[in-house]
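Worksheet: the structure to be examined is printed underneath.
Heavy-atom basis, side chains included; hydrogens, waters and symmetry copies ignored.
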Amino acid sequence: IMKKIFIWLLAILFLVPMEAGAEIRNSLQQARLAYICALADMAVYDTDMNDVVRQEMNRLGWRFTDYRNKDARANTVFYTVVNMQAEPGQRETLIVIPGTEKLKDIEVDLRCSKVLFGGSNINEFRQYAEQEKVDSNAPMVHRGFNDYTMTAFFTPRESGKIAADEIQKFLSESNDHLYITGHSLGGAVATLLGARLVAAGADASKLSIFTFGAPTVGNTAFAEEYGCLLDVSRYTMSGDLVKNALQMLKSGYVQFGTEYKWQKNENSHRFNHSMAGYLDAAIRGYYDESLGGVLTLQQLASYKPEAISEEGMATGPLWNQQFDKGRVYIAPVQMKLPENIQNDSAYMQLAVGDLLMNQFQRIHVDENAVAASNEVDTLFTACQEAEQVGCEYIAQIKISGTMDKANPNLYRIATETSFFTTSGEPVASSMTSTTTKEITPIEAAMYNMARLTGDIQQAQAEGILPK
């Protein structure tokens, strides 16, 4: 299920662009960019979510393009992600490189001998790499990762175009900042691509590299030469052995860049190297940083100025107390989770509430509302609160989870949305569920809610719900 609808998060996060060419980021900007890159890295894996993501991104104004090339050395793919609705000079353009997926990728991973890294153009890059007798103190890199980089970015495609030339043109002619990101093998290639571009004359201040669980790519001399030139944010996970695998298998490999150490979510049974685990950590890190540790929908709503009604109707980030036709009251999220994943509940509420709030132009989230002890009282309380603040509709979300009897680390997460008038009359409802076989509980709740937005949008198109 892994690619369906993390795109809505891309849409939300990309609404506030970074300053072009920025090299110094505060902690919120860093967390936001890590979240964006993790979402993009998750999205490019070859799963059944791929087509849906591209279709939705196109609808939202995003251009999502894949580039493929292959030769005897590697069978490569990378993607560009560009928000065409943003103003030129304020677009965050991504190059996203997937990790190991194909048999040919495994061959690349296992090609662990080093090649000389040098030159300033394609021909020189190849000439240096083909040298057999070299000084061990010269910059050297992993042969397989270099092969993938050269095939993907420095070898003509069927069209005759060379990706690196197009990237260099973009960097020289555009004021937009370029982010190169990848997971595992993709992270290693992202680092080498950045080094090759700078070696060929690109302005290093206009590109940044974000990697997740990336192995080492080069020796000490390479790290010393390019570590001070490249803006590399290197995210690692506790228990992920891939980041140090080459140091253990082959001597002379050295990591560089700023390392950000994440702790694996113990509610996920996934292998520590999984991109799902990295995305889960990025989600939690972003909400922790952006909301200042106050993990509530009320706090989240206070950061949504786009939720304000037409001019003159609002008194601040929340609504004034007068009736507004079409305004939706967001009731407290009702949670029923197994005890051992309850520590994810706040992030689940934020993730699904975030998406729900973005489906409507006019909302209200009460600062003092709390979920009642039972379903009937909860709806009754919501009706009262909604009337007091002048809303026309009520939106309720229920998230529940059950543990798999055969596998205590596997859960089925269900999400339900219900809409009522302030008199308690049902208007629309829908429910869906998924398991945590391939994703974490937080991601499962997000995925469910993203699927339910289709029903909400259909109800809006039919005039049942307000837009």
Side chain to side chain, [X] and [Y], heavy atoms closer than 4.5 Å:
| X | Y | answer |
| --- | --- | --- |
| Asp404 | Thr435 | no |
| Met42 | Ile439 | yes |
| Thr236 | Glu259 | yes |
| Leu279 | Ile442 | no |
| Lys114 | Val134 | no |
| Arg157 | Tyr67 | yes |
| Asp354 | Tyr287 | yes |
| Met150 | Leu192 | no |

Write down the atom of [X], the atom of [Y], and the distance for their closest heavy-atom approach.
| X | Y | value |
| --- | --- | --- |
| Ala395 | Leu356 | CB-CD2, 4.0 Å |
| Pro215 | Leu185 | CD-N, 4.4 Å |
| Gly277 | Met237 | O-CE, 3.3 Å |
| Phe222 | Met140 | CB-O, 3.8 Å |
| Gly213 | His273 | O-CE1, 3.0 Å |
| Arg25 | Ser233 | NH2-OG, 3.4 Å |

Angle between ring planes, Phe145 versus His142, binned at 30° and 60°: parallel, tilted or perpendicular?
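The rings of Phe145 and His142 lie parallel, inter-plane angle below 30°.
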Over 60° means perpendicular and under 30° means parallel, so tell me whether Phe212 and Tyr235 are parallel, tilted or perpendicular.
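Correct class here is parallel.
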With a 3.5 Å distance limit and no angle check, can you tell me whether [X] reaches the backbone of [Y] through a side-chain donor-acceptor pair?
| X | Y | result |
| --- | --- | --- |
| Asn69 | Thr76 | no |
| Gln342 | Leu337 | yes |
| Asp203 | Leu171 | no |
| Gln29 | Asn26 | yes |
| Thr181 | Phe210 | yes |
| Gln298 | Val365 | no |
| Glu124 | Ser120 | yes |
| Gln299 | Thr296 | no |

[X] [atom1] to [Y] [atom2] distance, which is reported to the nearest 0.5 Å:
| X | Y | atom1 | atom2 | answer |
| --- | --- | --- | --- | --- |
| Glu438 | Met275 | CD | CE | 15.0 Å |
| Thr220 | Tyr253 | OG1 | OH | 12.0 Å |
| Met357 | Leu297 | CE | CG | 5.0 Å |
| Ile413 | Ser433 | CD1 | OG | 9.5 Å |
| Arg143 | Leu116 | CZ | CG | 11.0 Å |
| His183 | Ser274 | NE2 | OG | 6.5 Å |

Under a 3.5 Å threshold, yes or no: a donor from one side chain and an acceptor from the other, between [X] and [Y]?
| X | Y | answer |
| --- | --- | --- |
| Thr100 | Asp109 | yes |
| Thr453 | Gln359 | no |
| Asn340 | Tyr411 | yes |
| Tyr278 | Asp41 | no |
| Asp288 | Tyr347 | yes |

Is there a side chain to side chain contact (heavy atoms under 4.5 Å, CB included) between Thr155 and Arg126? Walk through the geometry before answering.
CA-CA 11 Å; Thr155 301; Arg126 296 195 188 283; 2.8 Å; yes
Is NZ or CZ of Lys104 both nearer than 6.0 Å to the six-membered ring centre of Tyr148 and within 45° of the ring axis?
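Not satisfied by the 6.0 Å and 45° rule.
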Please confirm whether Arg234 makes a cation-pi placement over Phe256, using NZ or CZ under 6.0 Å from the six-membered ring centre and within 45° of the ring normal.
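No; the conditions do not both hold, so Arg234 does not lie above the ring face of Phe256.
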Verdict with reasoning, Leu178 to Lys206, per side chain to side chain contact (heavy atoms under 4.5 Å, CB included)
CA-CA 6 Å; Leu178 177 65; Lys206 295 183 68 175; over 6 Å; no
Does Tyr79 form a side chain to side chain contact (heavy atoms under 4.5 Å, CB included) with Arg68? I'd like the steps, not just the answer.
CA-CA 9 Å; Tyr79 300 78; Arg68 300 175 186 271; 3.5 Å; yes
Regarding Lys169 and Glu166, does a basic nitrogen lie under 4.0 Å from an acidic carboxylate oxygen?
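Looking at Glu166 together with Lys169, the answer is no, because their closest N to O distance does not fall below 4.0 Å.
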Working for salt bridge (charged side-chain N to carboxylate O under 4.0 Å, His left out), residues Arg284 and Asp280:
CA-CA 6 Å; Arg284 290 183 282 124; Asp280 183 277; 2.7 Å; yes
Among Asn146, Thr191, Thr149, which one satisfies side chain to side chain donor-acceptor pair (under 3.5 Å) with Arg196?
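When Asn146, Thr191, Thr149 are each tested with Arg196, the side chain to side chain donor-acceptor pair (under 3.5 Å) holds only for Asn146.
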In sequence, state the C-alpha distance, the side-chain angles, and the governing distance for Leu452 and Glu416, and then conclude on side chain to side chain contact (heavy atoms under 4.5 Å, CB included).
CA-CA 8 Å; Leu452 295 176; Glu416 179 182 359; 5.8 Å; no
May I ask you to check whether Phe154 and Phe125 place their ring centres under 6.0 Å from each other?
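Centroid distance Phe125-Phe154: below 6.0 Å, so yes.
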